[in-house]
Amino acid sequence: MMPRVDCPMCGVVVASAPGGGGGARRPVHPGCSNAGLEAFNNGIKVAIRMAYGFHHVTNLIGLVMLRCGGLDIRLPQPAI
């Protein structure tokens with residue numbers, strides 16, 4: 001029996017890929033993908049490359065949180 005995993009977008013069960021054998025898993029519904037997760041993962045990898053040479057891992061974690069946390073930080077603009 002395959003474990004039940006629901007897709008967060010459409011709520012369908014994830015099934016094994018055609019060909020059997022229980023290899024890679026894919027969503028049954030064709031509209032679901034992992035593109036958002038892959039984009040987030042890429043953002044973390046870019047931040048890790050930017051943080052090369054940091055002395056403490058807490059600085060790396062802070063950089064990842066700033067880049068991938070969804071905050072909209074605006075720098076002060078000079079008055080014209």
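All values derive from a computational prediction rather than experimental measurement.
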Please report, to 0.1 Å, the donor-acceptor pairs under 3.5 Å made by any side chain of residues 50-65, with sequence neighbours excluded.
none

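Of all the heavy atoms in Cys68 and Gly43, the pair that sits closest is SG-C, 3.9 Å.
Summarising the hydrophobic clusters (Ile, Leu, Val, Met, Phe, Trp, Tyr; side-chain heavy atoms under 4.5 Å, direct or chained), the residues clustered with Ile73 are Leu66, Leu71.
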